[in-house]
Chemist: 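I have a structure I would like to understand better, so I am pasting it below and will then ask my questions one at a time.
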Amino acid sequence: MSETTPETGTAPPRRPARRQHVLVVDRTERVSPHLMRVHLGGPAFDGFVEAGEAALTSTDRYVKLLLARPGLGLQPPFDLEALRAELAPADLPVRRTYTVRSIDRAARTIAIDFVVHGDEGVAGPWALAARPGDRLQMSTPAGLWSPVDDPAVLHLLLADDSALPAVASALESMTADSRGLALVEVDTADDELDLVRPAGVELRWLHRRGTATPGAPLVAALAALDAPEGPVAVFAHGERGAMKEARAIVQDAWGLDRAALSVSAYWALGRAEDRFQEEKREPIGAIFTE
């Protein structure tokens, strides 16, 4: 059942499609065993930055990628309307959401980090196989959140691998007098990154070690904290079930105001992204209870 608006009883309108850009792979780098960074540029760089200038100032800036199924020989730019008339639904390019890790205006490139697990999924294998000159279609970026520029506010950042790029960008953007704690869950110590951060922001790495349910170490570490005193800004993004539990702790147990919380799911255990995105409009996809 789709979520409905109280005023009309109808499903909320879908957001209009954002402008599409085709960027070109400049280079790739393996930044950890499970993280591949792809640097993209090319002639579309200026248009991409100009169209998304406002969103690119946010540290949670993200894009929607369009990726072709392997073996079909499809190359961007994709005409989805024409392809729908020619291909079976399962063969259409798939949409995946990724954070823009950084923008290098001098080099005219952007970087996107891909979590990779061998040949699992579509985006990870694409990133592993990407070579200079390959093209990637993506939307104009969107994004709303950045750390509060106020030393009186305690920052609490919660993330798994999927939100690590956003947390890394947030830490880099904080002022030198910022205070807080970042809890970041990855698989093993080999997946830890050397993140730039203010001296007053503690970074704790949490490890699944290939056995724990994704998000469980993160929720356990959060539950072990005492409720903070004074103003707090929370940025919590990761697996949906874990984010629901995190929201309950910081809002229900600690009593933090919703206005101080940026909590959302980047993915859901056992769900392909297409179904996960559909469920965002259903009760199961709701992070907040009201």
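Not measured: the values here are computed from a predicted model. Note that these values count all heavy atoms, side chains included, but never hydrogens, waters or copies made by symmetry.
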Chemist: For the CD1 atom of Ile284 and the CD atom of Glu278, what is their distance to the nearest 0.5 Å?
Modeler: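 The CD1 atom of Ile284 sits 12.0 Å away from the CD atom of Glu278.
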Chemist: Using a strict cut-off of less than 4.0 Å between a Lys/Arg side-chain nitrogen and an Asp/Glu carboxylate oxygen, indicate whether Glu172 and Arg101 qualify as a salt bridge.
Modeler: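 Result for this pair is yes, salt bridge flagged.
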Chemist: State, yes or no, whether a side-chain contact exists between Glu239 and Leu218 at a heavy-atom distance under 4.5 Å.
Modeler: no
Chemist: Main chain of Ala166, side chain of Ser169: is a donor-acceptor contact present, judged purely on distance under 3.5 Å?
Modeler: no
Chemist: Please evaluate residues Leu40 and Phe48 with respect to the criterion side-chain contact (heavy atoms from CB on, under 4.5 Å), reporting the C-alpha separation (whole Å), side-chain torsions for both, the decisive distance (0.1 Å), and the verdict.
Modeler: CA-CA 11 Å; Leu40 301 133; Phe48 173 85; over 6 Å; no
Chemist: Can you check whether Ile112 reaches Val63 side chain to side chain, under 4.5 Å on heavy atoms?
Modeler: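 Heavy-atom side-chain distance check passes, below 4.5 Å.
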Chemist: Measure the shortest side-chain to side-chain distance between Leu222 and Trp254 over non-hydrogen atoms and say whether it is less than 4.5 angstrom.
Modeler: yes
Chemist: Would you say CD of Glu86 has more than 12 non-hydrogen atoms from neighbouring residues, nucleotides or ligands within 6.0 angstrom?
Modeler: yes
Chemist: Do Tyr266 and Thr97 have side-chain heavy atoms sitting under 4.5 Å apart?
Modeler: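 Counting from C-beta outward, Tyr266 and Thr97 never come under 4.5 Å.
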Chemist: Looking at Leu144, is its backbone amide N or carbonyl O close enough to the side chain of Asp60 to form a donor-acceptor pair, meaning the two atoms are under 3.5 Å apart?
Modeler: yes
Chemist: Any sub-3.5 Å donor-acceptor pair from His21's side-chain atoms to Val49's backbone N or O?
Modeler: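 Judged by distance alone, no pair lies under 3.5 Å.
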Chemist: Please lay out, stage by stage, how Arg247 and Asp252 fare under the test side-chain contact (heavy atoms from CB on, under 4.5 Å).
Modeler: CA-CA 8 Å; Arg247 194 282 310 158; Asp252 298 344; 2.9 Å; yes
Chemist: So for atom CG, which belongs to Asp91, do other residues, nucleotides or ligands contribute more than 12 heavy atoms lying within a distance under 6.0 Å?
Modeler: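 Yes - once you tally the heavy atoms of other residues, nucleotides and ligands closer than 6.0 Å, there are more than 12.
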Chemist: For the residue pair Val201 and Leu181, what are the closest heavy atoms and their distance?
Modeler: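 That closest heavy-atom pairing would be CG1-N, 4.1 Å.
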Chemist: Could you tell me if Arg240 sits above the aromatic ring of Phe276, with its cationic atom closer than 6.0 Å to the ring centre and no more than 45 degrees from the axis?
Modeler: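 No, cation not above the ring by the 6.0 Å, 45° rule.
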Chemist: Testing the basics here: between Phe45 and Thr109, what is the closest heavy-atom pair and its distance to 0.1 Å?
Modeler: CE1-N, 3.5 Å
Chemist: Please name the pair of heavy atoms, one in Gly215 and one in Glu185, separated by the smallest distance, quoted to 0.1 Å.
Modeler: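 So the two residues come closest at N-OE2, 2.9 Å.
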Chemist: Counting N and O atoms only, with roles assigned by atom type, does the side chain of Arg61 sit under 3.5 Å from a partner on the main chain of Val100, one being a donor and the other an acceptor?
Modeler: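 Yes.
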Chemist: Measuring from atom CG of Leu158 to atom OG of Ser262, what distance do you get when rounded to the nearest 0.5 angstrom?
Modeler: 10.5 Å
Chemist: In this structure, are over 12 heavy atoms from other groups packed under 6.0 Å from Asp79 atom CG?
Modeler: yes
Chemist: After noting the C-alpha distance and the side-chain angles of Val234 and Val232, does the key distance pass the side-chain contact (heavy atoms from CB on, under 4.5 Å) rule?
Modeler: CA-CA 6 Å; Val234 176; Val232 181; 3.9 Å; yes
Chemist: Side chains of Asp134 and Val38: does their closest heavy-atom pair fall under 4.5 Å?
Modeler: no
Chemist: Would you confirm whether Thr213, through its side chain, and Ala216, through its main-chain N or O, come within 3.5 Å as a donor-acceptor pair?
Modeler: no
Chemist: Can you sort out the partners of Arg37 under salt bridge (Lys or Arg N to Asp or Glu O under 4.0 Å), two or more places apart, ordered by chain and number?
Modeler: Asp113
Chemist: List the atom of Ser146, the atom of Ser58, and the distance in Å for their closest heavy-atom pair.
Modeler: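 Closest heavy-atom pair between Ser146 and Ser58: OG-CA, 3.2 Å.
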Chemist: Whether the Ser264 and His237 side chains hold a donor-acceptor pair (N or O, under 3.5 Å, no angle test) is what I'd like checked.
Modeler: yes
Chemist: Report the distance from atom CD of Glu50 to atom CG of Leu56, rounding to the nearest 0.5 Å.
Modeler: 11.5 Å
Chemist: Under 4.5 Å between side-chain heavy atoms, hopping through other hydrophobics if needed: is there a path connecting Met138 to Val24?
Modeler: no
Chemist: Find the distance between OG1 (Thr140) and CD (Glu53) and round it off to the nearest 0.5 Å.
Modeler: 12.0 Å
Chemist: Between Phe114 and Leu164, is there a shared hydrophobic cluster once you connect ILVMFWY residues whose side-chain heavy atoms come closer than 4.5 Å?
Modeler: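 Different clusters: Phe114 never reaches Leu164 through Ile, Leu, Val, Met, Phe, Trp or Tyr contacts under 4.5 Å.
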Chemist: Under 4.5 Å between any side-chain heavy atoms of Leu157 and Met174, yes or no?
Modeler: yes
Chemist: Taking a hydrophobic cluster as the set of Ile, Leu, Val, Met, Phe, Trp and Tyr residues connected by side-chain heavy atoms closer than 4.5 Å, whether directly or through intermediates, do Val186 and Leu195 fall within one such cluster?
Modeler: yes
Chemist: Where the side chain of Gln20 meets the backbone of Pro77, is there a donor-acceptor pair that is under 3.5 Å apart?
Modeler: no
Chemist: Taking atom CG of Asp119 as the centre, does the number of heavy atoms from other residues, nucleotides or ligands within less than 6.0 Å exceed 12?
Modeler: no
Chemist: Please answer whether the main-chain N or O of Asp190 pairs with a side-chain N or O of Thr188 as donor and acceptor at a distance below 3.5 Å.
Modeler: yes
Chemist: What heavy-atom pair brings Ala159 and Val167 nearest, and what distance separates the two atoms?
Modeler: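 Between these two residues, the closest heavy atoms are CB-CG2, 3.5 Å.
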Chemist: When hydrophobic residues are tied together by side-chain contacts of less than 4.5 Å, even through go-betweens, does Val31 share a cluster with Val115?
Modeler: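 Yes: a chain of side-chain contacts under 4.5 Å links Val31 to Val115.
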Chemist: If you measure from CZ on Arg108 to CD1 on Ile110, what distance do you get to the nearest 0.5 Å?
Modeler: 12.0 Å
Chemist: Any idea which heavy atoms bring Pro198 and Thr175 closest together, and the distance?
Modeler: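 Smallest interatomic distance, heavy atoms only, reads CG-O, 3.5 Å.
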Chemist: State plainly whether one hydrophobic cluster holds both Leu261 and Phe235, where clusters connect Ile, Leu, Val, Met, Phe, Trp and Tyr through side-chain heavy atoms under 4.5 angstrom apart.
Modeler: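 Looking at the clustering, Phe235 is in a separate group from Leu261.
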Chemist: Does some side-chain heavy atom of Leu66 sit less than 4.5 Å from a side-chain heavy atom of Leu80?
Modeler: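 Of all side-chain heavy-atom pairs linking Leu66 with Leu80, at least one is under 4.5 Å.
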Chemist: In Å, rounded to the nearest 0.5 Å, how long is the span from CZ of Arg135 to CG of Leu23?
Modeler: 11.5 Å
Chemist: Is any side-chain heavy atom of Leu203 less than 4.5 Å from a side-chain heavy atom of Trp205?
Modeler: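 Yes, their side chains come closer than 4.5 Å.
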Chemist: Judged by atom type as modelled, is there a donor-acceptor pair below 3.5 Å linking the side chain of Arg179 to the main-chain atoms of Ala152?
Modeler: yes
Chemist: Does either side chain, that of His34 or that of Asp191, offer a donor lying less than 3.5 Å from an acceptor on the other one?
Modeler: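 There is such a pair between these side chains.
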Chemist: Before accepting this row, confirm whether a basic side-chain N of the pair Arg275/Glu282 lies closer than 4.0 Å to the acidic partner's carboxylate O.
Modeler: yes
Chemist: Verify side-chain contact (heavy atoms from CB on, under 4.5 Å) between Trp126 and Leu65, making sure each step is shown before the conclusion.
Modeler: CA-CA 11 Å; Trp126 179 89; Leu65 310 180; over 6 Å; no
